[in-house]
Peer 1: 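My structure is below; once you've seen it, I'll send some questions.
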Amino acid sequence: MPSSPASPARAGREAAPHRRGALRRTGEWCARHFVTVLVLWVAALAGLQVLQHAYGGDYSDDFSLPGTQSQDGLDVLKAHAPQAGGYSAQVVLHDAGKPLTSVSDQVATAVADLEKLPDVLSAQNPLPSSGSTPPPPPDPNTGPLSTDQKTAYITVRFSVQPSTLGASYLDGVDAAVQPLRSAGVAVEYGGPLGELARPEPSDRTSEAIGFGVAVIVLLIGFGSLLAAVLPLVTALVCALCGLALLGLLAAAATFATVSPTLATMIGIGVGIDYALFLVTRHRQNLIDGQDPVTAAGNAAATSGHAVLLSGCTVIIALSGLWVSGIGFIGKLGLAAAVTVVTAVLGALTLVPAVLGLIGRRIDRVRVRKPVAETVPAQDAGAEVGGWHRYAQRVERRPWWFLAGGVVVLAVLSFPVFFIQLGHIGDGADPKSFTDRRAFDLMSSAFGPGSNGPLTLVIDQSEVDSSDRSALADQAQKALTNVPDAAVITPLTATSDGDVLTATAYSVASPQDERTTSLTNRLTDDVLPQAVSGTAADTYVTGTTAAQVDFLDIVAGRLPLIIAVVVALAFLVILAVFRGLLVAVKAAVLNVLSIAASYGVVVAVFQWGWGGPALGVSGKVPIESYVPMMMFAIVFGLSMDYEIFLLSRIHEAWVRTGDARASVAHALEITARVITCAALIMVSVFAAFIISDNIVVKMLGLGLAASVLIDATVVRLLLVPAVMTLLGRSAWWIPGPLDRILPHLDAEGSAQESERAPGGVKDVTGGGSRS
């Protein structure tokens, strides 16, 4: 049975002191003792930077996939043929003027020196031994020496992933091949060794562009120089602290090379957003006559609640990446979550302290008349601005606006149906990279498949020795005329006779879906049939095979991650706003928004619509983990704006009981800050498109597109239309569900606080709130 009814406003007033206390007291204390807080933050920043430089770890793309067939095959090779196992990379040699056989002594010296390097298992000399007749090359020629003898590659096998060895390792490699370079031979590094040789990524240009655009947007949007600079400075301090913490974590665990860039993108973006939300509310409080300390405390008690819940929602979404079961993916989410945590802490402590330091001088230096929220917070109907009139137009024709938004999202989402997940190969890198030059040399001389050979492994240790000859004949026949295979070398036995190996070369580059199809065909069909009726086990291993296994795992678990993240975010919205349909609407619209951003990424990178203009060579597949990362990040960021907007709608609805008017009121007072926040976030993300890393380009474009779509189509068309159509029913929740859900507060204002212990009547008449 529901408790006795009470008005929403009265219930909010009764519970307000309990719900607002902690953040309000924190904000006021920080604003009053700003010197102490600022000193603590400066000390933390300096201390973390010192610790990070002294003890911070390195980033690498080393990750294992235990339990996959490619990893099991690698383990079999290590056990039976250590010199043939491990991780391979190519040192590509090319001389346009003379055959490489003329520098055979230098090649032999280089191979011998490479074998002496730490962690090297073996190095294969591509040239025939002196005085011997070279064997005829296979047709087509897959190496290691080209038909014209002007291109060759040394296959170097490492006991560890070369990309984990650190840039200083290249000094030894350079020294080993120096005699060849002195003889006029071009030497390039391919595969993981080439990735190690890539220039150290630097995000300073992207950060500078993002910050410059942010200053312009804030100056135009709010008119005050200090109000524009404050969010940028606090966001930068918080991001630097977060990156230093991430560096310390990297000393204890392996994080991907893209981790600091991802953390920077997210940390700066949400840091500016969160600070902007508080500064906007603070300035409105000053306009309403409050003193600076009280204004900062009230901003922390109101918008601070939205920031806290938004940050928790982003972290929850990022934590959902651990559902993938892949540590590499989960740690990317952790890397981004670190800077989100520091952004929230900075918004709740550093921002109020700076506001206390500035006091009433926040609007003293101006470029235009400063503005905050266009409607006084005490009166939803006091002023009628442009956004209010826009919301009223939506109210009159909600179906038209809803249909328009759905059509836009449907068009943008269309390319998703043709998405091709894969791994971006070295051929998409800039030509200034050695791995790109090695890729081109290999493709020209030996075909594109030479850049991603597949190692076939048949473990016949459980097969009787008398049956092994028949097994080898049977398997060799099965490996003839395999679709999408340019050539498969004859099977050879390891020294102990327990394992048969061969190498398969695709007709296409490693990133082509034909190579993926070949890998899956060999793994699932060809090799199992080749050993049918025997006790032998088969594997396809190597770098390309591991990438295909990774792709299969990611593609298989992406639906689970989507389901988990959506469910968790749905529960957060439901617990905060106590509206079943509001929570459903938030989840559905965010998923549609993300689908549209996926479509943009597919069109640009996979279809090549503008890819060359972004520095991408040709059409490339969508990196397998990018959709997973985008979903977690975008869903979390979308909930930022969702919570900020819905909290204001809910605040007005609880105060007035007029569901439709509350939409117009909330849209008017939040439109400016959400628009500015979105433009800043778009500029921060889009600035990373200039990165040389294709994955960073994808994430930058995808995140920028998603925020732009979310802040325009979703927030300006769909949310007002849907909330208008739902009316009072948006806030209905079944009584039993309301009783078991925890009560969270998005805005700590009196109107939005937790219901009084006596309960509140559901104004829709559909359920109860207790």
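For clarity, every value in this text was computed on a predicted model and none was experimentally measured. The basis for the numbers below is simple: all heavy atoms, side chains too, and nothing from hydrogens, waters or symmetry mates.
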Peer 1: Starting at CG of Leu522, measure out to OH of Tyr539 and round the result to the nearest 0.5 Å.
Peer 2: 15.5 Å
Peer 1: Just checking Asn481: does its CG atom have more than 12 heavy atoms from other residues, nucleotides or ligands closer to it than 6.0 angstrom?
Peer 2: no
Peer 1: Could you check whether any side-chain N or O of Lys697 sits under 3.5 Å from a backbone N or O of Ile689, counting only pairs where one atom can act as donor and the other as acceptor?
Peer 2: yes
Peer 1: Considering all heavy atoms of both residues, which atom of Glu188 and which atom of Arg437 are nearest to each other, and what is their separation?
Peer 2: OE2-NE, 3.0 Å
Peer 1: Distance-only, no hydrogens or angles: does the Ser146 side chain make a donor-acceptor pair with backbone N or O of Thr151 under 3.5 Å?
Peer 2: yes
Peer 1: Could Arg514 and Asp512 be called an ion pair, given the rule that one side-chain N must be under 4.0 Å from one carboxylate O?
Peer 2: yes
Peer 1: Using the benzene-type ring in the case of Trp, are the ring centres of Phe328 and Tyr625 under 6.0 Å apart?
Peer 2: yes
Peer 1: How long is the gap from CZ on Phe158 to CG on Leu196, to the nearest 0.5 Å?
Peer 2: 8.5 Å
Peer 1: Is the gap between the ring centers of Phe446 and Tyr153 under 6.0 Å?
Peer 2: yes
Peer 1: Name the one of Leu262, Asp58, Leu249 that satisfies side chain to side chain contact (heavy atoms under 4.5 Å, CB included) with Phe255?
Peer 2: Leu249
Peer 1: Minimum heavy-atom separation for Val565 and Gly320, please, with both atom names.
Peer 2: CG2-CA, 4.1 Å
Peer 1: Applying side-chain contact (heavy atoms from CB on, under 4.5 Å) to Asp174 and Tyr169, what does each step give before you reach the verdict?
Peer 2: CA-CA 9 Å; Asp174 289 338; Tyr169 188 85; over 6 Å; no
Peer 1: Taking all heavy atoms of Ser324 and all of Ile329, pick out the closest pair and write down the distance.
Peer 2: OG-CB, 3.6 Å
Peer 1: How far does CG of Leu703 sit from CE of Met629, to the nearest 0.5 angstrom?
Peer 2: 8.5 Å
Peer 1: Under a 4.0 Å N-O cut-off, is there an ion pair linking Arg198 with Asp429?
Peer 2: yes
Peer 1: Under a 3.5 Å cutoff, is there a donor and acceptor pairing between the side chains of Asn451 and Ser509?
Peer 2: no
Peer 1: May I ask you to check whether over 12 heavy atoms, not counting those of Lys78, lie within 6.0 Å of atom NZ?
Peer 2: yes
Peer 1: Write down the atom of Pro483, the atom of Leu518, and the distance for their closest heavy-atom approach.
Peer 2: O-CD1, 3.5 Å
